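We're numbering straight along the sequence, starting at 1. Atoms considered below: every heavy atom in the structure, side chains included; atoms not considered: hydrogens, waters and symmetry mates. Since the model is a prediction, treat every value here as computed from it, not as a measurement.
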Amino acid sequence: MIGNVLSTLEENGFKVYPDSLRKLGENIYIFVVKRQNEKMVGILSSSDVKLNGAYFSEDKNVSDKLRLNIYPFTFENYVTLNGKFHIGPTVCRGNSSFGTGDRLGLVTAAQLTALKKYDVFPILAQQSPRELIKTNRDFKDVLLKVVLGVLETGYIGHFGADADHIKDEYYLLEGINAGYTMYTLDLSEQLIDISSLNSSEMRNKAQELSQVSKDIIKDFSGKKLDIISDSGYVVSEEELYKSAVAYENAMKFVDKVNNILKEKLSDFDMEISIDEGGKVTTLEDHLYVAEYLHRNGIDFFSIAPKFPGEFEKAVDYIGDLDEFLLELKKHYQLSRMIGGYKISLHSGSDKFSIYRIFSDITEKNFHIKTSGTSWLQAINLIYNYDKEFYRELYKIALENLEKSKKSYKVLIKREDFNEEPELNNPKFILKPEIKQLFHISFGVLLDLKRKEIVDFLNKYEEEHYKMVSKNIDNHLKEIFYKN
């Protein structure tokens, strides 16, 4: 009977995603369809489920008990379904978690094809305010597209939603109102640049520290921590003072955010991002931040330190692997000593040379963020199937390079590029400078060519899915490698 209903929809111009069919309750089924590039939800049910704005209805019952309706997946309809059947995100469950993000909102299903093969908690909705502005989206739209992708695959496991790089209350509340479960706090604008302070100013700042900060300095200065080797690590009083001066104001911001989250949500994951800027995170920085939060009763999901080396977008790690290994060991062992949170790796896309190191050292207690990975597969797909369209996008990206670079730390410059792309060289799209060019240019390309890009990707949806899934799988098989 249900098969006949799906066939009827296909006859009426709907593409039905057969894996999406799932039973939600007694005489209630849900599935995903697409028509004219818009994905919607189909509901087969008795009168128990009523959503708004039916796009297509079967006037007569498809059986004695069930009626068919196709609805737009609006936020209002999502809230109704989630309230009845909980199809939305949850807090993280599991030691390992992996954030993907999807700037276009088209490939969650493809990402899940790879993710569900591994013992990892997927955080599928992952966008920052900067990315929302550049893509002309909001937190609600990102979440809706993710849930549609989850439904499309028939995936019934848990997944998370990360309101990434939160710097202010406005976007914090946007994430809360959309129902996000993870909040990554970017402290970069709350920090004090101690390198700009002279010795007198530094002493004055140190005297103004709160009692909590002074107690942390008193309790840990000169203390030997059982970290790295038998000789241990001796905490520097001078470095702790520097950490406290640099971070105390940011800790007040975390406290404020935590209070808002606790007031409005029953449960949430909070990540502390201290990886922005040029300063490598010292062990004293990490110790101070974690201790301050714990002493103020603030629970947090993870800390993202700034590791040595460069974590530029879309390319592998640039730096000394031995130095990275040593610093990672220090930070992970400190996190285990203090307890209760993960080490997070930001800008994790394509960092293939360090995935195994990161997985081993953290004993798979980690969170890894990737961003832009799926977007690059969209561009590569265009290269494969429409060279002239690719050339057009390349020229737009090149013309706007300096503007795009203002938002991202990359080393590419105009003289690295020829006026014309190499359309007959398959290895061209793998060049680091080309990957970085398109990685940072998504904003301007979507401003000028959104419809053409989206139409193209919908036309080649199956091929797009395969490329995205393979790319995510390439990341995960390095992280969860088997000896």
*Going through the distances and angles, do Tyr180 and Phe139 end up as a ring pair (Phe, Tyr, Trp, His ring centres under 6.0 Å)?*
CA-CA 8 Å; Tyr180 278 58; Phe139 280 129; 5.0 Å; yes

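- Between Tyr247 and Asp285, some side-chain heavy-atom pair lies under the 4.5 Å cut-off.
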_Apply ring pair (Phe, Tyr, Trp, His ring centres under 6.0 Å) to residues His294 and Phe300 and explain how you reach the verdict._
CA-CA 9 Å; His294 281 157; Phe300 51 98; 5.1 Å; yes

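- None of Asp162, Leu143, Val150 except one satisfies the side chain to side chain contact (heavy atoms under 4.5 Å, CB included) rule with Leu124; the exception is Val150.
- Classification of the His475-Phe352 ring pair by plane angle, with boundaries at 30° and 60°, yields tilted.
- Here the side chains of Lys330 and His286 are not in contact, with every heavy-atom distance at 4.5 Å or above.
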_Quick one, Glu310 with Tyr317, criterion side chain to side chain contact (heavy atoms under 4.5 Å, CB included). Give me CA distance, side-chain angles, the key distance, then yes/no._
CA-CA 6 Å; Glu310 297 296 333; Tyr317 172 75; over 6 Å; no

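- Taking a cutoff of 4.0 Å between a charged side-chain nitrogen and a carboxylate oxygen, Asp269 and Lys342 do not qualify as a salt bridge.
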*Please lay out, stage by stage, how Val147 and Asn82 fare under the test side chain to side chain contact (heavy atoms under 4.5 Å, CB included).*
CA-CA 10 Å; Val147 175; Asn82 193 44; over 6 Å; no

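- Comment: Arg356 engages Glu478 in a salt bridge, judged by a side-chain N to carboxylate O separation of less than 4.0 angstrom.
- The existence of a salt bridge linking Lys205 and Glu248 is excluded, since no basic side-chain nitrogen approaches an acidic carboxylate oxygen closer than 4.0 Å.
- The two residues Leu448 and Glu452 make their nearest non-hydrogen contact at O-OE1, 4.3 Å.
- Between Pro72 and Gly53, the shortest heavy-atom contact is CD-O, 2.9 Å.
- The closest side-chain donor-acceptor pair between Ser243 and Glu284, if any, does not fall under 3.5 angstrom.
- For the pair Asp350 and Lys313, the salt-bridge criterion is not met [side-chain N within less than 4.0 Å of a carboxylate O].
- Judged purely by distance below 3.5 Å, without hydrogens or angles, the side chains of Tyr332 and Glu363 pair a donor atom with an acceptor atom.
- Heavy atoms from other residues, nucleotides or ligands lying under 6.0 Å from CD of Glu189 number 12 at most.
- Using modelled atom types and a 3.5 Å distance limit, the side chains of Ser353 and Asp316 yield a donor-acceptor pair.
- A salt bridge does not link Glu276 with Lys306: none of the charged nitrogens is closer than 4.0 Å to a carboxylate oxygen.
- Panel note: side chain Arg22, backbone Tyr155; a donor-acceptor pair is recorded below 3.5 Å.
- Counting heavy atoms from C-beta outward, Lys264 and Leu173 have side chains that approach closer than 4.5 Å.
- Ring pair Phe358/Phe307 is perpendicular by interplanar angle, where above 60° counts as perpendicular and below 30° as parallel.
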_The test is side chain to side chain contact (heavy atoms under 4.5 Å, CB included); show your working for Lys369 and Asp164 and say whether it passes._
CA-CA 10 Å; Lys369 289 178 186 275; Asp164 196 12; 3.1 Å; yes

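- None of Thr373, Thr370, Asn471 except one satisfies the side chain to side chain donor-acceptor pair (under 3.5 Å) rule with Ser349; the exception is Thr373.
- For Asp193, the CG atom is densely surrounded, since the number of other residues' heavy atoms within 6.0 Å is greater than 12.
- With salt bridges taken as basic N to acidic carboxylate O contacts below 4.0 Å, one links Glu152 and Lys39.
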_Evaluation steps, ring pair (Phe, Tyr, Trp, His ring centres under 6.0 Å), between Phe121 and His367_ = CA-CA 9 Å; Phe121 183 85; His367 179 59; 9.0 Å; no

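- For the pair Ser96 (side chain) and Lys364 (backbone), a donor-acceptor distance under 3.5 Å is present.
- Closest of all the heavy-atom pairs between Ile217 and Ala244 is CD1-CB, 4.0 Å.
- For NZ of Lys34, the number of neighbouring non-hydrogen atoms (other residues, nucleotides, ligands) closer than 6.0 Å is greater than 12.
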